[in-house]
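For reference, the structure is listed below as structure tokens.
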Number of protein chains: 2
Amino acid sequence: MTQDLDIARIAALVGEPARAAMLLALDDGRALPAGELAACAAVSAPTASGHLGAMRDAGLLEVVQQGRHRYYRLASAQVAALLESLMLVAAQNPARVATSRVDPLLQAGRTCYSHLAGRLGVALCDALIARDGLCIDDDIARFSPSGIHMLEDFGLDVHVLRRQPVSKTCIDWSERRHHLSSPVGAAIYRRCLQLGWVRHHLDSRAVSITKAGTKGFQSTFGLAM
Amino acid sequence: MTQDLDIARIAALVGEPARAAMLLALDDGRALPAGELAACAAVSAPTASGHLGAMRDAGLLEVVQQGRHRYYRLASAQVAALLESLMLVAAQNPARVATSRVDPLLQAGRTCYSHLAGRLGVALCDALIARDGLCIDDDIARFSPSGIHMLEDFGLDVHVLRRQPVSKTCIDWSERRHHLSSPVGAAIYRRCLQLGWVRHHLDSRAVSITKAGTKGFQSTFGLAM
DNA sequence: GCGATGATTCGGCGCAAGCCGAAGCGTAGG
DNA sequence: CCTACGCTTCGGCTTGCGCCGAATCATCGC
């Protein structure tokens, strides 16, 4: 066996609290400078630098130099998918012994590598299903004509959806429920930002809903927050 | 942050060559006794026992006792998905410096948690596409009427496909190409076994094609091995 | 230019964790 | 009942690696 070592090498990189914290901070696709990642992981700059270098060498991260800063970001969507896989497995195993404390970030929503996840992402998905705009079968979502109509009202360019009214879903690790993922999910997220319905907090991947968003989600999707 | 630790704990378990070897041996869904897993990982029985216990406690493995043997298997499809995620990331990163040696298992095919992967899985998928039976867009596969007809000839119960001619795909880590996954992929694999077209080697997850299979793949799917 | 700031490299410390041999426990089978 | 066998627990050894402080390099602003 030779691929054992390959996957063990990758998993070992992620299996270190400091490195895992950095990867999670990058999970939504942003690029962050080394110093900030050191702070996220609560380690010193030299330690962080070592970790980041190792992850870059292994192909998990990309680095882009800008002035005296070096911005790191996830190297590919596959790496993000790997993190989501890990979160899913971690969320459903019984290690939640004394961790009843709920992370405040989960209260509203969060982004998941360019699409909406968390409570908002799941609720949006549920609302579409409740109004017969969408049906999900075995992780695959199909839009109905009325669902496409809703997205049109929302301001999305849906001509691709007309050809193939299908999207992938992603199981949210915090809610254990489906939400829409790329590319439709990403388009919805971009449109939400554009309309000012949600705001992306710069220091994390939390997402909060604006007043306009509350009204908009209500009128367009029948979503009561 | 609290979920950092969760995913790090899971990843650290996988990130150990001996444990990774055991998980990979279980990747196709079989249940194996502790002793055999120790051999797979090339460690002593006590060492293996410690690893297996830790993975069971973490919810990665399930154990079923049968006589004086204890059979371990992956606890859920999510764990298998995690392994596939890791293989995908591991396969596409540039750590293939001196590992030009090709694993003989990949030559014919392999199973991937109850469906066909490897060269055979990818070739079958390609053949369906080439004959306009299938089109893949963004990891989602749709069957055309002629594709459904081919599967019918093959002996599959396709009434569910008529309602929703859609399936998921899985990117094979060795071929870097799509192949069909559950539930259609699993049905195809079961039917192949039933027809005696492929044989599952008991000591690994390799799959070999029988003479009947060569003929059958040729006549039904136009697949030249 | 010169200090300030971000990032990396180097060296040494300390702990966590993997490994095995020996011993213990339970089941199978004569 | 007693031996054989599969698996686990226990104790102790060793090594790998995560951590930091100090030093080095590069870039920005003045």
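Below, chain A is the first sequence line, B the second, and so on; all start at residue 1.
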Rounded distance (Å) that lies between atom [atom2] of [N] and atom [atom1] of [X]:
X: A/L37; N: C/dT8; atom1: CG; atom2: C1'; answer: 15 Å
X: A/Y72; N: C/dA7; atom1: OH; atom2: C1'; answer: 8 Å
X: A/D57; N: C/dT8; atom1: CG; atom2: P; answer: 11 Å
X: A/Q65; N: C/dT5; atom1: CD; atom2: C1'; answer: 14 Å
X: B/L52; N: C/dC19; atom1: CG; atom2: P; answer: 12 Å
X: B/H69; N: C/dA28; atom1: NE2; atom2: P; answer: 9 Å

Under 4.0 Å, heavy atoms only, any strand: does A/A45 hit a base, just the sugar-phosphate, or nothing?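 It contacts base atoms.
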
What's A/Y71 touching, base or sugar-phosphate or nothing? Going by heavy atoms closer than 4.0 Å.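 Nothing, no heavy atom under 4.0 Å.
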
I'd like to check [X] versus [Y] (side-chain heavy atoms, cut-off strictly below 4.5 Å). Are they in contact?
X: B/M22; Y: B/L52; value: yes
X: A/V14; Y: B/V14; value: no
X: A/F217; Y: A/V198; value: yes

DNA chain D: A/Q66 or A/E16, which has the more 5' nearest nucleotide?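 This one resolves to A/E16.
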
Terminal axes of the helix from C/dG1-D/dC30 to C/dG30-D/dC1 (five pairs each): angle between them, nearest 10 degrees: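 Comparing the axis at each end, I get an angle of 30°.
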
Determine: side-chain N/O of B/T47 to OP1/OP2 of C/dC20, distance under 4.0 Å, yes or no. yes

Is the shortest side-chain N/O distance from A/R70 to OP1 or OP2 of C/dT8 below 4.0 Å?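 Looking at the OP1 and OP2 atoms of C/dT8, one of them is under 4.0 Å from a side-chain N or O of A/R70.
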
Mind running side-chain contact (heavy atoms from CB on, under 4.5 Å) on A/E84 and A/D27 for me, showing each step along the way? CA-CA 9 Å; A/E84 295 291 324; A/D27 181 42; 3.0 Å; yes

Test item: [X] side-chain N/O and [Y] main-chain N/O as donor-acceptor pair under 3.5 Å:
X: A/T210; Y: A/W197; result: yes
X: A/T47; Y: A/V43; result: no
X: A/R19; Y: A/L13; result: yes
X: B/T220; Y: B/G216; result: yes
X: A/R70; Y: A/A34; result: no

Give me, pair by pair, the N or O atoms of the protein and of nucleotides 10-16 of chain C that are less than 3.5 Å apart, along with how far apart they are.
none

Working note: A/Y71 + A/L26, criterion side-chain contact (heavy atoms from CB on, under 4.5 Å); need CA distance, chi angles, decisive distance, verdict. CA-CA 11 Å; A/Y71 287 88; A/L26 297 169; over 6 Å; no

Tell me whether B/R73 at atom CZ has more than 12 heavy atoms from other residues, nucleotides or ligands lying less than 6.0 Å away. no

5'-most to 3'-most nt of DNA chain D touching chain A (<4.0 Å, heavy-atom partner on protein side) reads D/dG18 to D/dC28

Walk me through it: do A/L82 and A/L23 pass the test side-chain contact (heavy atoms from CB on, under 4.5 Å)? CA-CA 11 Å; A/L82 168 57; A/L23 288 169; over 6 Å; no

Residue whose closest nucleotide on DNA chain C lies nearer the 5' end, A/S49 versus A/R68: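 Result of the comparison: A/R68.
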
